Every structure is written in C-alpha cells, then in structure tokens.
Amino acid sequence: MSLDFHEPDRTQPLGLSVPALKLLSRDSDAAAVVNSSDPAPAAGVESWPQPPPMLAIPEGAGRPEEVSLRRRELELRALVETLPYGLHWADAEGTILWANRAELDMLGYSEAEYVGRSSRDVFIEPQVFESIVDRLSRREAVRDQEARLRCRDGSVKTVLFDATGLWEDGRFLHSQCVMRDVTEQRRAEELVRHAAAIVEWSDDAIVSKNLDGIIRSWNRGAERIFGYSAQETIGRPITLLLPPERLEEETRILARLRRGERIDHLETVRVKKDGTRIDVSLTISPVKDATGRIVGASKIARDITDRKRSEAALEETRRQLARANEELEARVAERTASLREAIAQMEEFSYTVSHDLRAPLRGMLGYSQALLEDYGPSLKPEMRLWLKRIAENAQRLDKMVTDILTFSRIGRAELQVERVHLDRLVRDIVTQYPGMLPPRAFIEIEPLLDVRGHEPSLIQVVSNLLNNAVKFVRPGVRPVVRVWTETHGESVRLLVRDNGIGIRAEYRDRLFRMFERVHPDLEYEGNGVGLAIVRKAANRMGGEAGVESDGENGSTFWVQLPRAD
C-alpha cells in the first residue's frame, strides 16, 4: 500500500480532523478516499473507537479490506488525538495547516486562533525557527531540537521538536512536527543543577553514604576539610574518618538512621588524611527512595575546631578573671580595712587637733591679749609689738587648723544632696558678714537658680568665694561684687565677679591646691586652704569649680552644680 498526501479540504471543519488521505492498495486499483464528511460506520463495523467517528467510507465501498482499512484509520485518529504530545502540520513557509488537541491545549490557543497562523509567531528565538525550516528544506530530519514557545497568555513553554518533511516529485508539501513539553523538566533540572552547585561549592563537607556506611558522594568542602579527594573516599567506609575510640559512634548513628531519625548538630571528633584531629558538628538526615524506603544518609560536617579553641580560650579567660576577681575582692577588703583604720586614725587625729592643739593656741592668744590690756602702757613699744604679733599668729594658726579640719571633714563626710535655694542661701550669708555690707562693700545679687547640692557645704563654698571677693582688692578701693547664675546643659553655674587685683594665668592651676597663695602674706591675709575647700566641696557634690581672669581687672570665680528639677 502506498500513501499519497494531498492538501486538506478547507471547506471541512479543522477541529480534530486531519487532511484527507487517499489510500491505495498494492494489489488493487480500487481506492478508498477517507474524509471527515461521513458520520456513519460502514456495513459490518460494530462501533468506532473514541473519540466519536470522524471518518467514513464512501457509498458503495463495503468490501472487507476497506472496512479493515477504515477501522485502522479510526484507531490512528483516536491515537493522534489522545497522545500527550503536540502534533501539527505546516507548509513550506511554516503556516500551520492542522494541530491536535494536545498542542492547542499546551499553548492555550483555540483552533481558529492557531490554524492558519505562522509557526514563526510562537517561537521566542527566531533563529531556532529558521534553523528548523532550513534543515527541513534540505530534507533533514529534526530530532530533539529545544525551543521556547510563547503561549497565548504570554507565558513561555520549553519544548523538544521532532520534525520531518513530506516531498512529492521534488516538491515540499508539508512538515509533520511533534512537540514534547519539557518546561517542568527543565525547571527541575535547573533546580537540581543549582542544588548540586550549592553542595559542590559549600564550605561545609557534604557527604552521602548507604546504610552500610559506604561513602557514595564527596563534595569539595569535604576535600578541603578532611584532605581526601573524592576518588580516595567514594566506595570506602565512612569509618575512615573516625578515631579508633569512636567507631561505636558510627554504629549508633546508622541504627538511628534506619529508624528514620534525624541527627542535628552532633559535636564530635574526626580525623583528617594527615592524622590531624578536628572538632566537627554533624547534621545527618535519612535518604529515602521513591517508595519511601530508607536507603542511605546525607551528612553535613562543619569544622568547628576554631570555635572550640575560642570557647576553650574564653573559658580559660573566665577562670582567670574569676581568680583575678577573687584576688581583687581580697585586696579591696584588705584596703577597705586599712582605709577604715586610716579614717579612724584621721578622726582621732582631728579630735586631737581640734581639742589638744587648739587649746594651747587659745591660751597663747588669751595671755598675749591680757598682757596687752593690763600692762600695755608700761611695756616698751617693741614688747607691745611682739605681743601683738604673737596674738595675730595664734589667731592665724587657729584659723588654719579650723580650715584643715573643714577640708578633712568634707572629704570624709557622706553628703546628702538635695534641692538648695541658692538665692536665699547667698543673701543670708551676705547679711551675716559686716564686711560684705555697705558702705564697706557693695554686692549685687541677681535672682539665682536652684541647684542640687549639700547645703552646709554650699554655705562653706559661697562664704569662701565672697570673703575672697571683698578681701583681695587694692588699697583704698571699695569692693564691688556681682553674683549671678547661668544654665549649662543639665547644670547651673554660680558666678562671683569681683573688682579685685586679678589672677595671672600662670597661677590658675595652682590656685585650688592646699596652702597655695599667689599674694604676699603681708599684703593680704590667708592660709591657702579656702579655695581648696571650694573645689573639694564642689567635686563631692558632683560639680566642679574654676576661675577666669585677665590678671589685672578682677576675677570671676565659678562653681557648677547639677540643676534642680
């Protein structure tokens, strides 16, 4: 039997039909023309295969061989329409002549939209289409040609093309094309390649083994960590990596895997090719086949040697710190005891100074004053001068002892810091000292902000600053003093500005030290303790003290303390 293909009858519906076929018997001149116009089966045929018959034998063609031929054609029709592959015919220019339901469904077109259009329209890469046409024109068959096709909804399908051309008398009639949708297969392959790349280039060792512990795969991370190549390990037991004393560990691991258990972050020890032992963290998962049967295991090993060393070093550091802390606490306790003893001795010394030392001073002052009062007129002038100097020095020494005790007490006492109404405190101090009142002095007090401090200490501070302001002026000059406050962030600065003799820059750092004086004793009285008390008290209250002066035109002393809320 020979086949002679002809162009399809365009007057017939193209749904699932194929172009008309003329089938010629080798041993007969009779011809059976098969088309899609006869819905009834031929005589002697019980039924047609599904889908419903679309072929019929012309009237009068009822011979057995013709019935058999028709049955075969119907079976072929059913096969073509139910295949999961896309099938279509196209002419020499690529115009689609017919397509089966599988291809229409694959690309999302209706028959009317698809048949009659150029195949070129659905190819993403035109060069692939041109290559297929060129090969068919050279009478070559196309096998497994991968192409990407654009579906009606804009999505893309990846297909494998098989195509052959039908020729007659040297003339190309049409191509017969089969398409297999491999979109999901290619996506799966890409995921597999991606996963394989992750495994291959992972920094961790990723190894698979069967349930007998035989190594089946070995990535680059395993080569780097353990020193063995894949050729050296695949097919060998995983115990190659275990220290002798840990061989039972692998037995326990395999037993757990057979039960379907997963092992997470097992920290253990393994041996490298050079014999070096390393700390590793293992995560081991059972591997199952398509039936769900456990057939092996996947193991991820991470080298944690450096982490273990760091943890050991950190633990040793903690132990050293604990020992150092214990030693420090012992020293602190010892020093605290010594300090308490020193404070007790200081308090005892202060008591001695306050009572035993000041008592003779008061006697010297009293007797010298009594001599001057009772026998002054009868004494020689130089004797009266000596007695006067004895009294003055006794008074000066008594004042120094008092200031030293005050300084010592400020350094030791617990200061209860609270809100202090600075304006009231300063005005009360001024009224208590005649030397600060007119006409002997003029003190201007602007409204002052409240601060947080220790009121007794602040009284000592303000008294010292105001006394200095009215004392250190040039002879014949009436003291003029200005007192005000300024805000500095969360603090308040109390400033005392005088019209005194000023303080040169080279003396400012020394001014607040004990017993430091920058003016001769004969010109200005003092013992160099007052400003040391000012700074010490300010520091104890959480503040500070300082001075600003050009050295000639007075000075501005300041004390800065926390602002009252």
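Since the model is a prediction, treat every value here as computed from it, not as a measurement.
Here Leu531 contributes atom CG and Lys536 contributes atom NZ; the two are 15.0 Å apart, rounded to the nearest 0.5 Å. With rounding to the nearest 0.5 Å, the separation of CD1 in Ile253 from CG in Leu282 is 6.0 Å. Taking CZ of Arg427 as the reference point, atom CD1 of Ile443 lies at 11.0 Å (rounded to 0.5 Å). Between the NE2 atom in His454 and the CD atom in Gln416 there is a gap of 8.0 Å [rounded to 0.5 Å]. Rounded to the nearest 0.5 Å, atoms OG (Ser208) and CH2 (Trp218) are 10.5 Å apart. For the atom pair OG1 of Thr158 and CD of Glu146, the computed distance is 6.0 Å after rounding to the nearest 0.5 Å.
Val492 places none of its side-chain heavy atoms less than 4.5 Å from the side chain of Leu561. Two residues are said to be in side-chain contact when any heavy atoms from C-beta on lie closer than 4.5 Å; Leu211 and Ile294 meet this criterion. Looking at Leu466 and Val430, their side chains come closer than 4.5 Å, going by heavy atoms from C-beta outward. Under the 4.5 Å side-chain criterion, counting only non-hydrogen atoms from C-beta, Lys272 is in contact with Ile278. Two residues are said to be in side-chain contact when any heavy atoms from C-beta on lie closer than 4.5 Å; Arg302 and Asp203 fail this criterion. Here the side chains of Leu448 and Val426 are in contact, with some heavy-atom distance below 4.5 Å. Residues Ile206 and Lys299 form no side-chain contact, since every pair of their non-hydrogen atoms from C-beta on lies 4.5 Å or further apart. Annotation: side chain of Ile215 is not in contact with side chain of Tyr228 (no heavy-atom distance under 4.5 Å).
Annotation for Ser555 and Gly502: closest pair OG-CA, 3.4 Å, computed over non-hydrogen atoms. Residue Val461 comes nearest to Ala537 through the heavy atom pair CG2-CB, 3.5 Å, listed as atom of the first residue, atom of the second, then distance. For the pair Ala297 and Ile284, the tightest heavy-atom approach, listed with the atom from each and the gap, is CB-CG2, 4.0 Å. Shown here for Ser285 and Leu257, the closest heavy-atom pair between the two residues is C-CD2, 4.0 Å. Between Val547 and Trp558 the shortest heavy-atom distance is N-NE1, 3.6 Å. Heavy atoms only, all atoms of each residue included: Val287 and Ser298 are closest at CG2-N, 3.6 Å.
A donor-acceptor pair under 3.5 Å is formed between the side chain of Asn467 and the backbone N or O of Ser463. Remark: the backbone N or O of Cys151 is not paired with any side-chain donor or acceptor of Ser155 at under 3.5 angstrom. Checking side-chain atoms of Asn219 against main-chain N and O of Ala205 turns up no donor-acceptor pair under 3.5 Å. Within the 3.5 Å criterion, the main-chain N or O of Ile214 finds no donor-acceptor partner in the side chain of Asp212. Judged by distance alone, the side chain of Asp428 and the main-chain N or O of Ile459 form no donor-acceptor pair under 3.5 Å.
Legend: salt bridge (Lys or Arg N to Asp or Glu O under 4.0 Å) pairs involving residues 547-562, not counting sequence neighbours: none detected. Applying the side chain to side chain donor-acceptor pair (under 3.5 Å) test to residues at least two apart or on different chains, the pairs with a partner in residues 232-242 are Ser229-Glu232, Glu232-Lys273. Listed by first then second residue, pairs satisfying salt bridge (Lys or Arg N to Asp or Glu O under 4.0 Å) with a partner in residues 366-381 number zero, not counting sequence neighbours.
In Arg440, the CZ atom is not crowded: 12 or fewer heavy atoms of neighbouring residues, nucleotides or ligands sit closer than 6.0 Å. Atom CZ of Arg262 has more than 12 heavy atoms from other residues, nucleotides or ligands within 6.0 Å. At most 12 non-hydrogen atoms from other residues, nucleotides or ligands lie less than 6.0 angstrom from CZ of Arg335.
Residues satisfying the side-chain hydrogen bond (donor to acceptor under 3.5 Å, both in side chains) test with Arg259, not counting sequence neighbours, are Glu261. Under the rule for a side-chain hydrogen bond (donor to acceptor under 3.5 Å, both in side chains), the partners of Arg319 that lie at least two apart in sequence or sit in another chain are Glu316. Scanning for salt bridge (Lys or Arg N to Asp or Glu O under 4.0 Å) contacts around Arg535 gives an empty result, with sequence neighbours left out. Residues forming a salt bridge (Lys or Arg N to Asp or Glu O under 4.0 Å) with Glu329 (at least two apart in sequence, or on another chain): none. Listed by chain and residue number, nothing satisfies the salt bridge (Lys or Arg N to Asp or Glu O under 4.0 Å) test with Arg497 (two or more places apart in sequence, or in another chain). The side-chain hydrogen bond (donor to acceptor under 3.5 Å, both in side chains) test applied to Arg193 returns Glu190, not counting sequence neighbours. Legend: residues meeting salt bridge (Lys or Arg N to Asp or Glu O under 4.0 Å) with Arg277, ordered by chain and number and at least two apart, are Glu245. Partners of Asp303 according to the side-chain hydrogen bond (donor to acceptor under 3.5 Å, both in side chains) rule, which considers only residues two or more places apart in sequence or in another chain, are Thr305.
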Step by step, work out the salt bridge (Lys or Arg N to Asp or Glu O under 4.0 Å) result for Asp306 and Lys308. CA-CA 5 Å; Asp306 290 341; Lys308 285 290 189 180; over 6 Å; no

Would Lys209 and Leu254 count as a side-chain contact (heavy atoms from CB on, under 4.5 Å) here? Give the steps. CA-CA 10 Å; Lys209 62 184 180 180; Leu254 290 174; 4.1 Å; yes

Apply side-chain contact (heavy atoms from CB on, under 4.5 Å) to residues Val559 and Leu465 and explain how you reach the verdict. CA-CA 10 Å; Val559 175; Leu465 292 180; 3.8 Å; yes

With salt bridge (Lys or Arg N to Asp or Glu O under 4.0 Å) as the test, would you mind laying out the steps for Arg186 and Glu189 before giving the verdict? CA-CA 5 Å; Arg186 291 294 183 262; Glu189 290 171 354; 3.2 Å; yes

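In summary, Glu326 and Arg323 do not engage in a salt bridge, as defined by a charged side-chain N under 4.0 Å from a carboxylate O. One finds a salt bridge joining Glu267 and Arg307 here, because a Lys/Arg side-chain nitrogen approaches an Asp/Glu carboxylate oxygen to under 4.0 Å. The residues Arg187 and Glu184 are annotated as salt-bridged, a charged nitrogen and a carboxylate oxygen being separated by less than 4.0 angstrom. Taking 4.0 Å as the cut-off between side-chain N and carboxylate O, Glu418 and Arg452 do not count as a salt-bridged pair.
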Please report, to 0.1 Å, the donor-acceptor pairs under 3.5 Å made by any side chain of residues 475-486, with sequence neighbours excluded.
residue: Arg482; atom: NE; partner: Glu446; partner atom: OE2; Å: 2.9
residue: Arg482; atom: NH2; partner: Glu446; partner atom: OE2; Å: 3.0
residue: Trp484; atom: NE1; partner: Glu486; partner atom: OE2; Å: 3.2
residue: Thr485; atom: OG1; partner: Leu449; partner atom: N; Å: 3.2
residue: Glu486; atom: OE1; partner: His488; partner atom: NE2; Å: 3.4

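A side chain to side chain contact (heavy atoms under 4.5 Å, CB included) with Glu455 holds for exactly one of Val417, Leu425, Leu422; it is Leu425.
Arg246 and Thr268 are linked by a side-chain donor-acceptor pair at a separation below 3.5 angstrom, with hydrogens and angles left out of the test.
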